[in-house]
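Chain naming here is simple, since letters A, B, ... match the order of the sequence lines and numbering starts at 1 in each. Heavy atoms only: backbone and side chains are in, while hydrogens, waters and symmetry mates are out.
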There are 2 protein chains.
Amino acid sequence: MTSQRRVVAEVLAGDHVHLTADEVHARAVARLPEIARATVYNTLGELVALGEVVELSTDGRAKRYDPNAHRPHQHLVCSDCGIIRDVHPTGDPLAVLPPGERFGFSVSKADVTYRGLCPACS
Amino acid sequence: MTSQRRVVAEVLAGDHVHLTADEVHARAVARLPEIARATVYNTLGELVALGEVVELSTDGRAKRYDPNAHRPHQHLVCSDCGIIRDVHPTGDPLAVLPPGERFGFSVSKADVTYRGLCPACS
DNA sequence: TTCTTGACTTGGACTAGGTCCATCGTAGGA
DNA sequence: TCCTACGATGGACCTAGTCCAAGTCAAGAA
């Protein structure tokens, strides 16, 4: 654990946090001015590999990093401003995929992105 | 309707077709050698705006274009080789998101990506 | 028929997001 | 103290996508 890695982990703390790598870098620089972009990417990649952070790409642009990795959840995204909330649907999302629709895959996970307008945009 | 647009539409025909813009361009060039990349991007953008094609980004890399836009469906992706199948889960995916988990959003749509290993990779 | 107009296409420059890699720095061990 | 190895650095590079000025083409007007 180096100071660089600690800063990246600190920046990614809290609920409903979904920063891009660039945003993580900007906030890390505020605390540790000489931290390099490559270090942020490396550290984010390691956190994802360790299962401490989940990576999501809700818009096909920059990936976002979500530190809420220990409680399974899905994401609700505003189609207008892009704000993201963590949400917890009821039931098992895999249960609604019938065997005949699995094409022989061993399905292990379902990522759901709910889309709509947030209160501020609607 | 120009020859360029017709070629792009023809390239994107069929079931379980999920090509990237570059793949569409490569196949379009095979039929119409002088077609430009920008034209392919423009045409894909128009097809998406018209609702004839849906855009998906299952891996945070290149967007893919799915001509199966008229029957609602979700996607099943192999975590290893990336192959994509269109699937039809039962029920309404929005129904499992309770009002208390909507944070005041007017939710209109749920994009589900099922992940697992395809028969060839498992 | 020729001209005008406007929509479409082209190719190249440019941008964002991300990756790669040679080099540097530093902590810990011999 | 010197070595070693891992991690950090910064700059080059890559890929996907966008932008824009200029060129092309077809339909309608004169």
Please list, by residue number, the residues of residues 52-68 of chain A whose heavy atoms come closer than 4.0 Å to an atom of DNA chain D; answer none if no residue qualifies. none
Between residues 19-26 of chain B and DNA chain D, which residues have a heavy-atom gap below 4.0 Å? B:Ala21, B:Asp22
Under the 4.5 Å side-chain heavy-atom rule for ILVMFWY, direct or indirect, which residues accompany B:Val77? B:Val54, B:Leu56, B:Ile84
For chain B and DNA chain C, what are the first and last nucleotides along the strand, 5' to 3', with at least one atom under 4.0 angstrom from a heavy atom of the protein chain? C:dC8 to C:dG11
Below 4.0 Å from chain A heavy atoms, what is the first contacting nucleotide of DNA chain D and what is the last? D:dG7 to D:dG10
Please report the closest heavy-atom contact between B:Tyr65 and B:Thr20, naming both atoms and the distance. CD1-C, 4.5 Å
Hey, what else clusters with A:Tyr41 if you join Ile, Leu, Val, Met, Phe, Trp, Tyr whenever side-chain heavy atoms sit under 4.5 Å? none
Taking side chain to side chain contact (heavy atoms under 4.5 Å, CB included) as the test, write out the residues that go with A:Pro98, two or more places apart. A:Glu101, B:Thr90
What closest approach, in Å, do B:Gln74 and B:Ala110 show between heavy atoms, and which atom pair accounts for it? NE2-O, 3.2 Å
Salt bridge (charged side-chain N to carboxylate O under 4.0 Å, His left out) pairs touching residues 74-88 of chain B, sequence neighbours excluded, are none
Over all heavy atoms of both residues, which pair between B:Cys78 and B:Cys81 is shortest? Give the atoms and the distance, please. SG-N, 3.4 Å
Sub-3.5 Å donor-acceptor pair from the side chain of B:Arg5 to the main-chain atoms of B:Thr43, do we have one? no
Looking only at heavy atoms, what is the nearest atom pair of A:Ser57 and A:Lys63, with distance? CB-CG, 4.5 Å
Run the side chain to side chain contact (heavy atoms under 4.5 Å, CB included) check on B:Arg102 and A:Val87 step by step: do they pass? CA-CA 7 Å; B:Arg102 298 194 178 201; A:Val87 294; over 6 Å; no
Among residues two or more places apart or on two chains, list those pairs meeting ring-ring contact (aromatic ring centres under 6.0 Å, His included) that have a residue in residues 2-28 of chain A. A:His16-B:Phe103, A:His18-A:His75
To the nearest 0.5 Å, what is the distance between CZ (A:Arg64) and CD (A:Glu55)? 12.5 Å
Run the numbers on B:Val8 and B:Leu44 for side chain to side chain contact (heavy atoms under 4.5 Å, CB included), then give the verdict. CA-CA 8 Å; B:Val8 169; B:Leu44 289 172; 4.1 Å; yes
Below 3.5 Å, can you tabulate the donor-acceptor pairs from side chains in residues 112-120 of chain B to any protein atom, sequence neighbours excluded?
residue  : atom : partner  : partner atom : Å
B:Arg115 : NE   : A:Asp111 : OD2          : 2.8
B:Arg115 : NH1  : B:Thr58  : O            : 3.2
B:Arg115 : NH2  : B:Thr58  : O            : 3.1

Residues touching DNA chain D, which here means a heavy atom under 4.0 Å, drawn from residues 34-47 of chain B: B:Arg37, B:Ala38, B:Tyr41
Listing, residues 27-35 of chain B side-chain donor-acceptor contacts under 3.5 Å, not counting sequence neighbours, or none:
residue : atom : partner : partner atom : Å
B:Arg31 : NH1  : B:Glu10 : OE1          : 2.9

